[in-house]
Amino acid sequence: MLLAVLMCGLASLAAGTSRAAEPVKISRDDTALDLTPTTEIYTSQGEAFQVSTAAGADGIRRRIEVRASSENHQGDWAVFALANVSEEQLERVIVAPHFRLAKSKLFWPDLGSQRIIAITPSEGFALDRQPSDEADVFRITLNPGAVITFVAELATPNLPQIYLWEPNAYKDTVNAFTLYRGIVLGIAGLLAVFLTILFVVKGTSMLPAAAALAWAVLAYICVDFGFIDKLIGITTVDQRIWRAGAEVALASSLVIFLFTYLNLNRWHVHLGHATFAWVLGLGLLFGVAIYDPSIAAGIARLSFALTATAGIALIVYLGFNRYDRAILLVPSWALILVWLFGGWLTVTGQLDNDIIQPALGGGLVLIVLLIGFTVMQHAFAGGAYQQGLFSDLERQALALSGSGDTVWDWDVARDRVVTSPDISVRLGLSPGTMHGAARNWLPRLHPDDRDRFRATLDVLLEHRKGRLNHEFRLRAEDGHFHWLQIRARPVLGSNGEVIRCVGTIVDVTEQKNSIDRLMQDAMHDNLTGLPNREVFLDRLQSVLALANDGDAIRPTIMAIDIDRYKQVNDSLGIAAGDNILIALTRRLRRLLKPQDTLARISGDEFGLILVSERDPAKVADFADAVSKAIMVPISFANREVILTASVGLVSWVDQQENAVGLLSDAELAMYRAKRAGGNRVEPFRPAFRTSGTDRLQLETDLRRAIERKELSIVYQPIVTLADGEIAGFEALMRWDHPKRGTIPPSEFIPIAESSDLIEPLGMFALERATSDLVEWERHTGHVPIFVSVNLSSAQLLSSELYNDVRSMLAKTQCEPNRIKLELTETVMMANPEQARLVLGKLKELGISLALDDFGTGYSSLVYLTRFPFDTIKLDRALVCAEGDKREVMLRSVVGMAREMEMTLVAEGVETDEAAKALADLGCQYGQSYLLGPPIGAESVQKLLRERFPLTKRA
């Protein structure tokens, strides 16, 4: 016996076979057993294959040899053993599916084929093959207690799955899947036909893309469910080609649907070219599928995954830009991503069962169903189109064309823009250049306007309502940009889509340039183009905020004042002085780096924020370079002008410092340099503050006075000179300091103007005056009086003045024509264009405007014509002037005011005779201590009760 075993072992080694198969025990209750884990695969074994059988009931293992029965056999074999442990004969079928999606791999996938050519048992004859188009099925009979080893002749070395089924159970399972597959196939076919019919009826581009995707899914389902075999007779090799072609069609149709549905070709021409190349490459895969289906299917699966990933980015980007189509696609694309994740788990083998493959097929149909709903929701949205409306638009377009305006007409369906008359000629282009697709405008649009232009048109098309009112810049042939404004409205077709957009296009370049100039003037000095004081302080505060975060930034602030500049103006004239300032500005700019800031603080004072240098020695060298640059002689009118500068500088060291404080310290150092004779650089020292302690303390007290409401308003009467009746009051501010007593406005108003307090002070006076006026009328009834309030330059230059005044009037319910704002010509000289714009808007509110201190300036007559004043206040110096020419001057001014229909108020009337003389000349009103001193609000109320006793009481 031992000798026989040894001989058997030697024979096994000589034949090169492996160990004998271990039998799988089968009982009567086993309906389905997976034999894949216990089946051993032997590759490249030749046409004759020897193997040891499993030990039988007697414990003996035998040697058997099996020869190939087909010429196509490649020498691959599979061995498994079965043991019937029951006491009755068992009928079973061995099933090896041709294709399984599970473990088919992403790259070079296994697309299915015939798996088993024949199966030879260790006892009896070869097994009979059962008819089946989807699997290799062999019927076996196992006697009670039998242990049989089966050798399978393989057509391919891959055997993804081999099952042992109870025949009736296998038949029921096949029938169950047949019913499921029939339902899924029916739904997929109906969807494909329905979307195709819908495309024929509606004709929009997204419908054929959705229909193509539905047909691709139907083709994939037909191949995957084996329905294609029932339509045409195909071999297992042909089945691999059909399956690869179906996957390529599925990947191609998804790319086309995503591109078409999101309408990416409207603006993104390059993206359209890339998509066309992508689809063309996928189309070439149909040819590759004939020669190597695995490569074609692997690329198609990769393309499907890349399309889903690109779709995420596009949907998120367009969704945040409020593109309706992208938002509607979110549920469908979320389902695609879930399906893609399940498919990845399946092909990589992490999810492996018999249900997952048909479930993924049903998932594809569900995706197409949801996409169909999405497409229909978009296609049928919107209202109906009325032919009469379109005719009206045509008539309006003809009327606009006749009036000389340019008509802008966008045929959305054909994506063609036409302007009449042709705007291309205005831009210096060849006729018809701007006609064509809307995307043709993009290359000539300013880069900052392109995305906004695209988004505006997209929103109009998606919402299908509203009006287009858009401004953008278009480059002319000479390189200059023109500001254009489009005003148009959409026209809906019978399908609810925008088919046309018609309106006008207007060149608004001049208006835009005017606004830009006003904004430039508000923030920059008119002469030098440098930032003004407000912008300088704002930038300095921003630099200080950055400096607080670390040691990387330590700014140095310089105050630069030109010595003896007034003498230059007096000797050479203002024009020469202006040219010298421009020349000095150019010199100083050459010394700066991009991160530094130069500003014009006042007439001949410059401010400089030095950020590029931190080392004290280099800062000192820079200050010295500034002084030397200013000292370089300037030639003017055949004369050389040599100037010097007093420079004060302070470096930031205290994190508690603010911009205003640092500039004040630099100016203190600059003033110290001036007092020392000028032409020097003076670093700031804390001792300098002692000379300005009172001023600084007064500024601090003024801030607290606003918070503690220590300020009050008194009113000086303005009377009619003819009869002495009260016509109005001028509001004057008073400050009762708790320690220093009453402080006159001449002392604290300049402090407020040099700091940031003048605006809240001005609004306090204006709001208090209007509130008191309303309160007086509430107690005395309607009285024919007005209240004048002085306006400072800081308030006039503020962009919020108009809104603040309008809000104040609405809050106090005061009539605008009862308020008169007084301002001097020096206030307007700071920024004439800004002043004219703001005063015009205030005049539109109904507020009166008075030019104060008339007769003391240099160009008062010019300002009377340029600004909307309705009142002139004659200065005391003109009213009380002595000499023979006084009456001539007054008579001229009164006559001029009468011709211009303006009101006159004489200030500083000292005697009754002077008042009568002014009245005789035609001056309407007077204001002075003689006519009435300033009094409080309660005294005004009492005075009004006495002077107007017949007014209706509230």
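Both backbone and side-chain heavy atoms feed into the values below; hydrogens, waters and symmetry mates do not.
Every residue two or more places apart in sequence or in another chain that forms a side-chain hydrogen bond (donor to acceptor under 3.5 Å, both in side chains) with D507 is listed here: H482, T509. Residues satisfying the salt bridge (Lys or Arg N to Asp or Glu O under 4.0 Å) criterion with R876, sequence neighbours excluded, are E910. For D578, the salt bridge (Lys or Arg N to Asp or Glu O under 4.0 Å) criterion is met by no residue, not counting sequence neighbours. Residues passing the side-chain hydrogen bond (donor to acceptor under 3.5 Å, both in side chains) test with D604: none are found, sequence neighbours excluded. In terms of the side chain to side chain contact (heavy atoms under 4.5 Å, CB included) criterion, residue partners of M900 (sequence neighbours excluded) are, by chain and number, L864, M896, M902. Judged as a side chain to side chain contact (heavy atoms under 4.5 Å, CB included), and not counting sequence neighbours, the contacts of S939 are I935. Contacts of E471 classified as salt bridge (Lys or Arg N to Asp or Glu O under 4.0 Å), with partners at least two apart in sequence or in another chain: K512. Residues passing the salt bridge (Lys or Arg N to Asp or Glu O under 4.0 Å) test with E775, sequence neighbours excluded: R778. The side-chain hydrogen bond (donor to acceptor under 3.5 Å, both in side chains) test applied to K811 returns E767, not counting sequence neighbours. Residues passing the side-chain hydrogen bond (donor to acceptor under 3.5 Å, both in side chains) test with D563 are T644, S646, K674, sequence neighbours excluded.
Under 4.0 Å is where a charged nitrogen must lie from a carboxylate oxygen, and between R672 and E682 no such pair does.
Looking at T911, its side chain does come within 3.5 Å of a backbone N or O of A914 through a donor-acceptor pair. In terms of modelled atom types and a separation under 3.5 Å, the side chain of R586 and the main chain of L581 share no donor-acceptor contact. Here the side chain of E822 pairs no donor or acceptor atom with the backbone of A850 at under 3.5 angstrom. Side-chain atoms of S788 do not come within 3.5 Å of backbone N or O of E730 as any donor-acceptor pair. Remark: the backbone N or O of T597 is not paired with any side-chain donor or acceptor of R539 at under 3.5 angstrom.
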Exercise. Can you check salt bridge (charged side-chain N to carboxylate O under 4.0 Å, His left out) on E777 and R945, steps first, answer last?
Worked result: CA-CA 10 Å; E777 291 194 345; R945 285 177 178 270; over 6 Å; no
For this session: Give the C-alpha distance, both sets of side-chain angles, the deciding distance and a yes or no for side chain to side chain contact (heavy atoms under 4.5 Å, CB included) between I630 and V647.
Result: CA-CA 11 Å; I630 294 175; V647 181; 5.7 Å; no
For this session: Check step by step if side chain to side chain contact (heavy atoms under 4.5 Å, CB included) holds for L809 and I847.
Result: CA-CA 10 Å; L809 292 175; I847 292 177; 4.1 Å; yes
Exercise. Between D772 and V940, is a side chain to side chain contact (heavy atoms under 4.5 Å, CB included) present by the stated rule, with each step listed?
Worked result: CA-CA 9 Å; D772 287 344; V940 171; over 6 Å; no
Problem set entry | Evaluation steps, side chain to side chain contact (heavy atoms under 4.5 Å, CB included), between L851 and L823 | CA-CA 6 Å; L851 179 61; L823 59 159; 5.7 Å; no
For this session: With salt bridge (charged side-chain N to carboxylate O under 4.0 Å, His left out) as the test, would you mind laying out the steps for D912 and K916 before giving the verdict?
Result: CA-CA 6 Å; D912 293 335; K916 184 177 184 305; over 6 Å; no
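Between the CG atom of L849 and the CG atom of L791 there is a distance of 9.0 Å, given to the nearest 0.5 Å. Put simply, CG on N532 and CG on L537 are 9.0 Å apart, with the number rounded to the nearest 0.5 Å. If you take CG on L821 and CG on L845, they are separated by 10.0 Å, rounding to the nearest 0.5 Å. Taken from CE in M808 to CG in L801, the straight-line distance is 9.0 Å, to the nearest 0.5 Å. Rounding to the nearest 0.5 Å gives a distance of 13.0 Å between CD of Q813 and CG of L773. One finds the CG atom of L904 at 10.5 Å from the OH atom of Y925 (value rounded to the nearest 0.5 Å).
When all heavy atoms are compared, the tightest approach of P531 to A599 is O-CB, 3.1 Å. A pairwise comparison of heavy atoms in G648 and A669 identifies CA-CB, 3.7 Å as the closest pair. Contact between V909 and L930 at its shortest, heavy atoms only, is O-CB, 3.4 Å. Pairing each heavy atom of K820 with each of F786, the nearest pair is CE-CE1, 3.6 Å. Scanning all heavy atoms of the two residues, the minimum distance from I785 to I726 falls at CG2-O, 4.0 Å. Heavy atoms only, all atoms of each residue included: R734 and P934 are closest at NH2-CG, 4.0 Å.
Taking the side chain as every heavy atom from C-beta outward, D852 and D875 never approach each other to under 4.5 Å. Between K873 and Q927, the closest side-chain pair of non-hydrogen atoms falls below 4.5 Å. For the pair Q941 and T780, the minimum side-chain heavy-atom distance is below 4.5 Å. Residues L732 and I713 fail the side-chain proximity criterion, which asks for heavy atoms closer than 4.5 Å. Within the 4.5 Å cutoff, no side-chain heavy atoms of L598 are placed close to those of F536. Side chains of R818 and V783 form a contact here, defined as non-hydrogen atoms less than 4.5 Å apart. Using a 4.5 Å heavy-atom threshold, the side chains of L540 and I557 count as touching. L588 is not listed as a side-chain neighbour of L608, based on a closest heavy-atom distance of 4.5 Å or more.
With a 6.0 Å radius and a threshold of 12 heavy atoms from other residues, nucleotides or ligands, E725 has its CD atom above the threshold. Open room surrounds CZ on R487; 12 or fewer heavy atoms of other groups in view lie less than 6.0 Å from it.
Pairs engaging residues 704-733 under the ring-ring contact (aromatic ring centres under 6.0 Å, His included) rule: Y715-W776, F729-W776 [sequence neighbours left out]. Applying the salt bridge (Lys or Arg N to Asp or Glu O under 4.0 Å) test to pairs two or more places apart or on separate chains, those with a residue in residues 890-899 are E887-R891.
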